[in-house]
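Note that the structure is a prediction, hence the values are computed from the model and not measured.
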Protein chains: 2
Amino acid sequence: MTTRQSQPGSRSKGRVTLSDVARMSGVSAMTVSRALNEPQRVSEQVRERVEQAIDALGYIPNRAARSLAGNRSHTIAVVIPSVSNAVFNNVIRGIYDVCAPAGYEMLMGNTYYSVQQESSLISKFLTHHPDGMIVTGLDMADSTRRQLEAAAIPLVQIMEVGTSAPLDMSVGISHSDAGAAMARYMLERGYKRIGVLGAQMDYRSQRRIQGFIDVLAEAGLADDKRVLTTAEPSTVRLGGQLLADLLLANPDLDAVFCCNDDLAYGAIYECQRRHIRVPQQLAIAGFNDLEGSACINPSLTSIQTPLYDIGKTAAQMLMRRLAGEVLQQSVVDLGFRLQARDSA
Amino acid sequence: MTTRQSQPGSRSKGRVTLSDVARMSGVSAMTVSRALNEPQRVSEQVRERVEQAIDALGYIPNRAARSLAGNRSHTIAVVIPSVSNAVFNNVIRGIYDVCAPAGYEMLMGNTYYSVQQESSLISKFLTHHPDGMIVTGLDMADSTRRQLEAAAIPLVQIMEVGTSAPLDMSVGISHSDAGAAMARYMLERGYKRIGVLGAQMDYRSQRRIQGFIDVLAEAGLADDKRVLTTAEPSTVRLGGQLLADLLLANPDLDAVFCCNDDLAYGAIYECQRRHIRVPQQLAIAGFNDLEGSACINPSLTSIQTPLYDIGKTAAQMLMRRLAGEVLQQSVVDLGFRLQARDSA
DNA sequence: CGGCACCATGTTAGCGCTAAAATACTATTT
DNA sequence: AAATAGTATTTTAGCGCTAACATGGTGCCG
């Protein structure tokens, strides 16, 4: 049980540095640096000797030193509500697929749907001096807004567009339009007594539901008693519970819009337990179209959002800006698709 | 559309630094540094003046400079297969809840269940010179093993224990014991023709299945034809498909063990579509006991693993080692619990 | 064959911070 | 009042790397 450490928090010594590699390969430190970062700018033979020395010494570059000297961190900070939300996995993959090949690292953090957590996370991230940043949503604390403005780095706000102007750039969809589309679909199908379930009521869920309700209101079918929301995190269990509560107050419902698919799964399970036939007795729809939504019985009608493309586009915009380009379109709406299935 | 950048990749100037704060508050840079990192070591009045100056100037510390000067990154690297796997969310929360209060940042990355990806990810992470590292699983490439040994930082290998000695420390459960426990449970319940479904066959899934099969073999009930595995990623859809394939070759099955809950969901859905009653005609069990497993119909029998505690314990061991402590117990088995429900 | 362009490489200086040593200042003791 | 111990603060020196400039060598033109 050795201590496996060489004096943390003291002046190092003993660690292999660029100069060690330089000495071993008989060139200057600067040349080794170039061999690593711009290999095309050094001769073939030097590159080989440097590579051999790196292997022989087990050299590991020090990013802190690189960032400090280069005044550039090669890092993109990504702020999302929660990695445990399957929705963001695809977004993250999209970002990753652009950032990694471009030599950028991703610094990722969760706000857990809290504005305070978002603020402190962004403050923390700014100490890394990221070269760019991707943040979920258009709403944020004023102090955070000011910090981001002061940081003066390219910023993309993702997931939604349209509610207000972004601080810098934005990519997403209109959640109120998506909610409205689902409402119109349900009206077309002839549903009259339509309920709404919401949890984890972040701004985007609120807008989905608002868009949905506005359309119902136009048709004269809105009813506050049929809307049940909670700030609790969305879970499958909660979906069942909320549906039970909603049916207690409104036994005559013929359709329910759930503001995300997890709630919808719970609602479907609850119907199964109560022997309520979906969609014949009660139609159910979700939002996000997760992987399992096509498999559940009955398969779930949902709104498919271009998650991967949101991430990819956001990262691409960042990369272009980091390359010095000036973008004419700073707001990109990628649209959505209503995926009609058996449940509604 | 301003460029929002002050010459990236050139010598900075213009950014607010410690010395700016020092000048404004009339003390030396070192005192400001202490006011930030060891506030109890500076006088009350100095601390206040420094805080005012920081606010006034909008000073943001530079972590790269801190890491370089302090020879310590205040960062823990965490290597997991996939954030999109719900299993790891709880582990991550456990790690976070220990690291954040202790002032450590988490650097998180996915291997996507590939040894090569793991190798390159760990190499990349080592350039950050993390103060400690948490890696999933006991198996890794030899080159990676050597790199980690050379890095000489505290390391915890999580999720499984028992198959081999850890490089440094480990926390987890025995997956073969858990598989065996499930097999014994099924035998007790009188099932005779038991099938096995596996996907995303990482080492831990393999061990679960091996443990399961070994017990069946002891009872003389093992049959290779009843085991169906694939390297494809686990999805709900895949669970249904695999069950369909398995039933085609073995129409007489009376129980199926799925190596994770997602597959089990898909299997249950498939049974619903085929009007196979679970568990009367076919019993189904999963592994991990995800949130939805208690809600699905019928509720899913599964193995509950102490995910949060694995993360928490791993991080605590790391913190203690970083504080210079020598741990006598470097391998911790946190055990599991068979959660019996309606599906088996 | 001198002059110029172009490339590969080297030199110098410094990024923003903190460890360690040095110094000033304040009790407390003798 | 001098010696001692302790605390608060400053000074010095670099952490490992790269931007910017300097240099030396090569080929190519008129």
Side-chain angles (χ1 to χ4, degrees), chain A residues 6-23 25-50 54 57 59-75 103 126-129 131, chain B residues 6-50 54 57-75 103 126-129 131:
Chain A
S6 57
Q7 306 284 72
S10 62
R11 295 277 175 214
S12 68
K13 309 296 180 199
R15 191 172 278 169
V16 180
T17 73
L18 248 202
S19 337
D20 296 327
V21 176
R23 202 170 312 118
S25 37
V27 294
S28 72
M30 194 60 232
T31 301
V32 177
S33 171
R34 271 196 284 261
L36 285 168
N37 300 313
E38 307 164 282
Q40 76 286 353
R41 288 195 45 195
V42 302
S43 67
E44 180 91 25
Q45 52 167 344
V46 164
R47 203 182 318 150
E48 261 170 39
R49 264 190 297 151
V50 167
I54 287 175
L57 295 169
Y59 168 68
I60 291 174
N62 185 327
R63 287 183 74 86
R66 181 152 107 113
S67 296
L68 189 58
N71 190 32
R72 182 191 307 188
S73 63
H74 307 271
T75 297
L126 286 177
T127 69
H128 288 264
H129 290 278
D131 296 338
Chain B
S6 58
Q7 306 284 73
S10 63
R11 293 279 171 206
S12 67
K13 310 295 178 200
R15 190 172 280 168
V16 179
T17 72
L18 249 200
S19 336
D20 296 327
V21 176
R23 202 171 311 118
M24 183 164 181
S25 38
V27 294
S28 72
M30 194 60 230
T31 301
V32 177
S33 171
R34 268 197 286 265
L36 285 168
N37 300 313
E38 306 164 282
Q40 75 288 354
R41 287 197 45 196
V42 301
S43 67
E44 180 91 25
Q45 52 167 343
V46 165
R47 204 183 315 151
E48 261 170 39
R49 264 189 296 149
V50 167
I54 287 175
L57 295 169
Y59 168 68
I60 291 174
N62 185 326
R63 286 184 75 87
R66 180 151 108 113
S67 297
L68 188 58
N71 190 33
R72 179 191 308 187
S73 63
H74 307 270
T75 296
L126 286 177
T127 69
H128 289 263
H129 291 279
D131 296 339

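Of the side-chain N and O atoms in A/Ser33, none sit less than 4.0 angstrom from OP1 or OP2 of D/dC17. The side chain of A/Ser19 contributes no N or O atom lying less than 4.0 Å from OP1 or OP2 of D/dC17. Of the side-chain N and O atoms in A/Thr31, none sit less than 4.0 angstrom from OP1 or OP2 of C/dA8. For B/Ser28, a side-chain nitrogen or oxygen approaches OP1 or OP2 of D/dT10 to under 4.0 Å. For the pair B/Asn37 and C/dT18, the criterion of a side-chain N or O lying under 4.0 Å from OP1 or OP2 is met.
For A/Ser73 (side chain) and A/His129 (main-chain N/O), a donor-acceptor pair under 3.5 Å exists by modelled atom type. Under the 3.5 Å distance criterion, the side-chain polar atoms of B/Ser25 are left unmatched by any main-chain donor or acceptor of B/Val27.
Nearest nucleotide to the A/Val27 side chain, out of D/dG16, C/dC17, C/dG10: C/dG10. For B/Arg66, taking side-chain heavy atoms from C-beta onward, the closest of the listed nucleotides C/dT9, C/dT18, C/dC15 is C/dT18. Taking the side chain of A/Leu18 as heavy atoms from C-beta on, and the options C/dT18, D/dT18, C/dG16, the nearest nucleotide is D/dT18. Nearest to the side-chain atoms of B/Tyr59 among the listed nucleotides C/dC17, C/dT9, D/dT9 stands C/dC17. Distances from the side chain of A/Ser43 to the nucleotides C/dA8, C/dG16, D/dC17 place C/dA8 closest.
Protein atom CG of B/Leu36 is 13 Å distant from nucleotide atom P of C/dA19, rounded to whole Å. At whole-Å resolution of the value, CE in B/Met30 and C1' in C/dA20 are 9 Å apart. Look at CG on A/Leu68: it is 7 Å from P on C/dG16, rounded to the nearest Å.
In the interface, the side chain of A/Arg72 is not paired with the base of D/dT18 through any donor and acceptor atom under 3.5 Å apart.
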